Asker: 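Structure in structure tokens, see below.
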Amino acid sequence: MIVVKQQLSVLIDQRYEAPAPLYVQVKQMIMQQIQSGNWPAHYKTPSESDLVEQFGFSRMTINRALRELTTEGLLLRMQGVGTFVAAPKGRSALFAVNNIADEIAARGRTHSCKVIRLTEELASSDRASTLDMREGQRLFHSLIVHYEDGVPIQLEDRYVNGVIVPNYLKQDFLIQTPYAYLNKVSPLTEGEHIVEAIVGDVEECRLLEIERNEPCLLIRRRTWSGGVVVSSARLVHPGSRHRLEGRFTS
């Protein structure tokens with residue numbers, strides 16, 4: 001904790017040049033510990049009492065800093081257990097349709113996947129309605145788990161219009177994602193997202209390696225090419241490993 005005390009001294013000196021509330025100073029010191037790697041993911045942080053003693057600030061100041069960092073997703077507080085550094089969450093754009101492999105690579109991490117199912121089916125009435133095709137027409141079904149540095153972060157359950165993309169089943173999705181292939185053969189012109197909070201079923205939880213009652217984030221996605229629906233997908237993410245981001249102007 002010597003490093004923390006040195007940072008505290010520097011920040012106190014800086015108050016005279018750029019005054020900042022004390023709880024903000026505490027947040028900055030904790031964030032520096034996380035960003036420097038001194039406090040890695042899952043690291044148990046000192047207790048509030050220990051931080052009060054080390055920093056010399058009031059318990060109210062320390063508590064507010066910890067609460068805000070928890071709200072911002074940097075810390076995870078567990079009642080009766082302690083406070084831990086949260087593992088970084090994967091991020092997806094709320095208003096865009098992107099390739100998950102590209103999103104993972106942009107974070108400096110490694111994408112991999114496992115193909116669970118790749119089959120041909122006949123469209124039921126509900127599936128035909130979703131894909132805007134006739135009941136009984138050929139469609140393709142793929143079920144793929146996507147991993148970030150070996151940790152499952154998305155279960156992709158996708159149905160594809162077999163008339164529009166007849167060679168879908170012949171692709172090696174260990175090399176390229178369904179999104180990358182579909183965007184190459186039927187370039188995306190329109191997309192639709194519906195976002196829900198769910199609890200995954202038994203198979204989904206098993207494939208995502210999460211507890212049965214863990215909250216999940218579900219994105220229902222449909223994509224069009226030239227006015228024709230190409231695919232419909234359920235993208236299930238463990239809530240503790242993923243977040244959506246969006247930015248808009250009025």
Side-chain angles (χ1 to χ4, degrees), residues 1-96 98 103-110 148-154 195-199 208 210-211 213-217 219 237-250:
M1 301 309 297
I2 295 177
V3 175
V4 176
K5 290 181 178 179
Q6 290 174 340
Q7 292 170 343
L8 171 61
S9 176
V10 171
L11 287 169
I12 290 175
D13 291 340
Q14 290 176 342
R15 280 188 294 166
Y16 296 100
E17 299 177 5
L22 296 181
Y23 77 90
V24 173
Q25 295 180 36
V26 175
K27 287 179 62 177
Q28 290 172 344
M29 286 184 286
I30 292 176
M31 289 168 64
Q32 287 171 355
Q33 293 299 307
I34 295 173
Q35 292 165 0
S36 69
N38 289 332
W39 291 5
H42 310 300
Y43 175 84
K44 186 175 182 179
T45 69
S47 66
E48 283 190 16
S49 298
D50 289 339
L51 292 175
V52 168
E53 181 179 349
Q54 292 162 10
F55 292 170
F57 293 147
S58 71
R59 193 181 189 94
M60 183 180 298
T61 297
I62 299 297
N63 182 269
R64 177 169 180 180
L66 294 177
R67 282 191 290 107
E68 291 200 2
L69 288 171
T70 300
T71 300
E72 293 165 13
L74 291 177
L75 297 179
L76 176 64
R77 307 187 77 182
M78 301 177 65
Q79 187 70 33
V81 179
T83 301
F84 301 83
V85 176
K89 290 187 177 184
R91 295 170 294 176
S92 294
L94 178 59
F95 304 116
N98 295 323
E103 291 181 348
I104 292 172
R107 295 194 284 272
R109 299 177 181 273
T110 302
E148 181 172 331
D149 286 350
V151 178
I153 66 164
Q154 183 191 89
V195 182
E196 301 177 47
I198 67 166
V199 173
L208 289 171
I210 59 176
E211 296 295 329
N213 60 349
E214 180 172 336
C216 293
L217 185 67
I219 302 175
H237 305 83
S240 60
R241 302 174 193 161
H242 198 78
R243 70 184 184 191
L244 288 176
E245 295 182 351
R247 182 175 180 177
F248 61 90
T249 58
S250 58

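Here the structure is a predicted model, which is why all the values come from computation and not from measurement.
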Asker: To the nearest 0.5 Å, what is the distance between CZ on R64 and CZ on F57?
Answerer: 14.0 Å

Asker: What distance separates L75 CG from K27 NZ, expressed to the nearest 0.5 Å?
Answerer: 10.0 Å

Asker: Is there a side-chain contact between V26 and L51, using heavy atoms and a 4.5 Å cut-off?
Answerer: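 No. Closest side-chain heavy atoms not under 4.5 Å.
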
Asker: What distance do E103 atom CD and I153 atom CD1 have between them, rounded to the nearest 0.5 Å?
Answerer: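 Reported to 0.5 Å precision, the distance equals 8.0 Å.
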
Asker: Are any non-hydrogen side-chain atoms of I30 and L69 less than 4.5 angstrom apart?
Answerer: yes

Asker: Could you walk me through whether Y43 and Q33 satisfy the side chain to side chain contact (heavy atoms under 4.5 Å, CB included) test, starting with their C-alpha distance in whole Å, then the side-chain angles of each, then the deciding distance to 0.1 Å, before giving a yes or no?
Answerer: CA-CA 11 Å; Y43 175 84; Q33 293 299 307; over 6 Å; no

Asker: Going from CD1 on I210 to SG on C216, what distance comes out if it is rounded to the nearest 0.5 angstrom?
Answerer: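 Going from CD1 on I210 over to SG on C216, the span is 3.5 Å.
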
Asker: Test of understanding: with side-chain contact (heavy atoms from CB on, under 4.5 Å), list the residues that count as partners of E211, not counting sequence neighbours.
Answerer: N213

Asker: Calculate, to the nearest 0.5 Å, the distance between atoms OH and CD belonging to Y23 and Q28 respectively.
Answerer: 10.5 Å

Asker: For I34 and L74, work out which heavy atoms get closest and say how close.
Answerer: CD1-O, 4.2 Å

Asker: Which heavy atom in V85 sits nearest to a heavy atom in P40, and how many Å separate them?
Answerer: CB-O, 3.2 Å

Asker: How close do P238 and E214 get, heavy atom to heavy atom, and via which atoms?
Answerer: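 So the minimum-distance heavy-atom pair works out to CB-OE2, 3.7 Å.
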
Asker: Nearest 0.5 Å please: distance from the OG1 atom of T83 over to the CZ atom of R67.
Answerer: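 Reported value, rounded in 0.5 Å steps: 12.0 Å.
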
Asker: What are the two closest heavy atoms between E48 and L66, and how far apart are they?
Answerer: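 Closest approach of E48 to L66: CG-CD1, 3.5 Å.
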
Asker: Using every non-hydrogen atom in the two residues, find where F84 and H42 come nearest and quote the distance to one decimal.
Answerer: CD2-O, 3.5 Å

Asker: State, to 0.1 Å, how close S49 and R59 come at their nearest heavy-atom pair, and which atoms those are.
Answerer: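 Heavy atoms only, the tightest pair is OG-NH1, 3.0 Å.
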
